Amino acid sequence: QAAMQPGFVAMENAPVAAASLATGRSRWHIPPQVIGSSCNTDPTTWAAAGRRTLLGVVSGSAAAAMVATRHARRRHHGHGMAARASNAAREVADAWFRGQAELASESAPRKFGAALAERGLTALQEIAAPARHQEPFRYTDLDALLYNLPAPAAAQVAKEDMLGSLQEMLEENDEVLRLVFLDGVLCSELSRLSPVEDGATFVGAIDALSAPGIENMSARVTTLLEKLPEMDMFMAPQKDTLGCAKLAALNQAAFQDVACIFLRKEETVTGQEETVEVAFFSSGACSSSPRLLVDVGENRKVKVIETHVSLDESDASLSNGICRVVAAEGSHVEHELLQQKAADARWVESVTAEVAAGASYKLRAVQSGGRAARLNAAIALEGESSSCEMTGCMMADQKQQLDVHSLIHHSVPSCRSAQQQKNMVGGSAECIFKGSIKVDAEAQQTESSQIMRSLLLSKKAQIKAMPSLQIQADDVSCSHGAALTQLDPDQVFYMASRGLDGKDARRLMLAGFPEDLLIGL
């Protein structure tokens with residue numbers, strides 16, 4: 001500024017300024033005597049001050065530019081490192097999924113549906129692997145659930161010994177049909193299948209589909225197995241998905257057998273209800289891919305009791321299952337799902353249900369085992385006057401992480417749904433609940449409710465609750481909510497004053513908390 005005053009020439013300062021711009025080493029600042037100076041100031045003072053001022057201003061700008069450039073380079077370098085790390089993690093996860101599919105294909109020959117397995121392998125290459133930046137897995141410990149699986153047990157237990165242990169764990173009940181699977185393959189010795197000549201009900205596995213006279217049943221099984229959740233049905237934007245796609249593709253590529261429950265339609269509704277038990281046991285020697293199909297014809301009633309149990313307490317394997325339920329018009333399906341795996345086991349299951357007009361579907365899911373376990377449940381009310389009820393209970397302790405992600409979709413008018421969830425969390429365990437109820441614009445006169453209640457039993461226990469309603473219709477009656485609390489010390493004191501000590505009072509209160517959801521289980 002001083003050098004540009006009238007009567008002064010600053011050309012002799014230009015080389016110095018240019019050198020300062022190139023090096024950026026000057027520490028000069030604008031001198032106070034220059035600011036506010038007049039043209040009557042001593043020319044010698046003006047010249048010296050002007051040279052330093054020009055040097056300082058230009059060099060300061062250069063230094064600021066260099067600092068900004070340096071910060072930009074660091075940010076770019078940081079983003080590059082993050083991108084490379086993300087790509088590396090994605091490649092590791094994809095390799096893990098491919099390895100699991102290859103292990104399954106090497107462990108046992110595929111009995112059924114080579115084309116289905118090929119499609120599953122193709123889908124594994126196209127679908128992104130679960131990661132923490134994805135909304136469905138934002139709170140999920142994926143290392144505990146999937147990627148850090150221990151090596152399979154080297155010592156192999158004889159099948160006769162495992163069958164003996166299974167026999168001891170099963171209840172004697174000749175009145176119900178039963179399917180028993182060990183590591184995803186049917187144990188016919190312990191199962192009780194439906195008679196082949198009974199055309200009204202079919203309960204069996206892949207081997208039974210080769211019997212004469214049921215060729216149509218085999219075609220129906222193939223058709224139902226082709227569709228996978230969030231690939232062929234229950235499509236949704238990424239932020240609203242349950243996270244089923246990649247895991248379903250792995251199951252499609254790896255499953256060895258399938259539990260089939262088929263009830264042919266009846267002309268009128270009868271009071272007779274079929275009861276079928278399906279027990280999936282895991283030995284821990286390898287990962288398993290349970291598969292269950294329930295196809296209920298018009299006006300039929302069925303109760304399915306699905307159980308997942310570890311054969312040994314050392315089981316640390318992964319069980320990745322799919323269950324598909326199709327309820328035709330006027331049918332009624334009760335589905336009870338019990339997960340009681342060993343303390344270090346991993347368990348994932350995706351349950352889908354398609355409910356037609358006038359039909360009902362009830363799902364009751366209870367989880368108490370596993371190091372990490374996750375249930376994805378998607379229910380579509382596709383016919384008018386259809387209904388569904390979903391109740392669940394999670395009991396977690398120590399370092400467990402138990403998870404429920406659910407979706408109930410109302411797409412037609414006059415349907416009803418109700419969801420209740422209760423959780424008890426102790427130790428440093430964590431329970432995650434994300435339940436969505438979606439009501440389309442066409443689904444007028446919908447009635448829906450959703451409530452989650454949880455008990456925290458320690459200071460380190462955690463609950464993540466995300467109930468949500470997505471309503472586009474205007475003539476509806478919908479509600480949702482979540483409640484979180486601890487055991488009331490006043491209630492404990494009241495029970496203690498009636499003769500119970502503190503431990504017995506707490507035990508009694510804990511037993512009563514989920515009782516209304518577990519009656520009749």
Side-chain angles (χ1 to χ4, degrees), residues 100 104 144-146 149 162-163 165-171 176-187 190-191 205 229 244 247-248 250-251 254-261 275-294 303-325 334-353 363-377 390-397 400-406 431 518 521:
Q100 290 294 312
L145 183 64
L146 299 175
L149 286 178
M162 289 191 289
L163 292 179
S165 300
L166 285 175
Q167 183 68 53
E168 296 176 358
M169 300 176 71
L170 294 172
E171 294 182 356
V176 300
L177 300 174
R178 173 181 289 166
L179 296 173
V180 179
F181 290 79
L182 178 59
D183 293 333
V185 180
L186 180 72
C187 294
L190 303 177
S191 301
C244 303
L247 295 164
L250 175 60
N251 180 283
F255 82 91
Q256 302 292 334
D257 211 338
V258 56
C260 302
I261 302 173
T275 302
V276 182
E277 296 179 357
V278 184
F280 293 101
F281 290 90
S282 57
S283 65
C286 61
S287 297
S288 59
S289 301
R291 199 69 180 264
L292 173 59
L293 289 178
V294 182
K303 182 177 182 179
V304 180
I305 304 173
E306 178 187 356
T307 309
H308 295 262
V309 185
S310 294
L311 193 59
D312 189 86
E313 288 299 324
S314 62
D315 178 20
S317 63
L318 169 66
S319 173
N320 172 36
I322 297 179
C323 171
R324 184 179 181 186
V325 179
E334 286 190 46
H335 183 189
E336 297 187 347
L337 194 159
L338 313 177
Q339 185 274 112
Q340 298 170 299
K341 304 283 284 185
D344 292 326
R346 281 82 166 164
W347 179 83
V348 184
E349 177 150 347
S350 298
V351 176
T352 63
L363 172 63
R364 176 163 54 174
V366 181
Q367 297 189 60
S368 61
R371 166 63 181 87
R374 179 185 178 107
L375 171 65
N376 299 319
M390 181 176 177
T391 57
C393 182
M394 293 188 290
M395 294 167 280
D397 198 8
Q400 286 181 283
Q401 186 184 70
L402 304 183
D403 192 342
V404 169
H405 275 55
S406 67
C431 283
L518 305 181
L521 185 65

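The structure presented is a predicted model; accordingly, all values stated were derived computationally and were not measured.
The CD1 atom of I322 sits 6.0 Å away from atom OG of S350, with the distance rounded to the nearest 0.5 Å. Distance check, rounded to the nearest 0.5 Å: CD of Q367 to CD of Q340 gives 11.0 Å. Atom-to-atom distance recorded for L190:CG and F181:CZ is 12.0 Å, nearest 0.5 angstrom. Distance check: L338 CG to F280 CZ gives 12.5 Å after rounding to the nearest 0.5 Å. Here CE of M394 is found 7.0 Å from CG of D403. Values are rounded to the nearest 0.5 Å. Interatomic distance, OG1 of T307 versus CG of L337, reported as 8.0 Å (0.5 Å rounding).
Here R346 pairs with nothing under the salt bridge (charged side-chain N to carboxylate O under 4.0 Å, His left out) rule; sequence neighbours left out. The side chain to side chain donor-acceptor pair (under 3.5 Å) check on S310 picks up D315, with sequence neighbours excluded.
Between the side chains of S282 and K341, at least one donor-acceptor pair of N or O atoms lies under 3.5 Å. A donor atom on one side chain and an acceptor atom on the other are found under 3.5 Å apart for H335 and E306. The closest side-chain donor-acceptor pair between S287 and Q100 falls under 3.5 angstrom.
In this structure, the side chain of Q256 engages the main chain of A104 through a donor-acceptor pair within 3.5 Å. The backbone N or O of V176 lies less than 3.5 Å from no partner atom in the side chain of T275, so there is not a single donor-acceptor pair. Formation of a donor-acceptor pair under 3.5 Å by the Q400 side chain with backbone atoms of S368 is found in this model. When atom types are taken as modelled, the side chain of D312 and the backbone of S283 share no donor-acceptor pair closer than 3.5 angstrom. Of the possible donor and acceptor atoms, none in the side chain of N320 sits under 3.5 Å from a partner among the backbone N and O of L250. Side-chain N or O atoms of Q339 include one that pairs as donor or acceptor with a backbone N or O of G369 at under 3.5 Å.
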* Check the pair H308 / F281 against side chain to side chain contact (heavy atoms under 4.5 Å, CB included), numbers first and verdict last. => CA-CA 6 Å; H308 295 262; F281 290 90; over 6 Å; no

* Asked: Are V366 and M395 close enough, and set up right, to give a side chain to side chain contact (heavy atoms under 4.5 Å, CB included), and what steps lead you there?
  -> CA-CA 8 Å; V366 181; M395 294 167 280; 3.8 Å; yes

* Chi angles and distances behind the side chain to side chain contact (heavy atoms under 4.5 Å, CB included) call for I261, L292 -> CA-CA 8 Å; I261 302 173; L292 173 59; 4.2 Å; yes

* Check the pair D183 / S288 against side-chain hydrogen bond (donor to acceptor under 3.5 Å, both in side chains), numbers first and verdict last. => CA-CA 5 Å; D183 293 333; S288 59; 5.1 Å; no

* To do: Apply side chain to side chain contact (heavy atoms under 4.5 Å, CB included) to the pair L375 and V348, showing each step before the final yes or no.
  => CA-CA 6 Å; L375 171 65; V348 184; over 6 Å; no

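Contact check for R291 versus N251: side-chain heavy atoms found under the 4.5 Å cut-off. In this structure, the side chains of T391 and L363 stay at 4.5 Å or more apart for every pair of heavy atoms. Counting only heavy atoms from C-beta outward, the side chains of R371 and L145 never approach each other to under 4.5 Å. V276 is not listed as a side-chain neighbour of V294, based on a closest heavy-atom distance of 4.5 Å or more. Proximity of R178 to I305: side-chain heavy atoms (C-beta onward) are nowhere separated by under 4.5 Å. L311 has its side chain within reach of M162: a pair of non-hydrogen atoms, C-beta onward, lies under 4.5 Å apart. Side-chain contact check for C323 versus T352: every heavy-atom pair is 4.5 Å or farther apart.
Minimum heavy-atom separation, S317 to L149: C-CD2, 4.5 Å. Across all non-hydrogen atoms, the minimal contact from L186 to A205 is CD2-CB, 3.6 Å.
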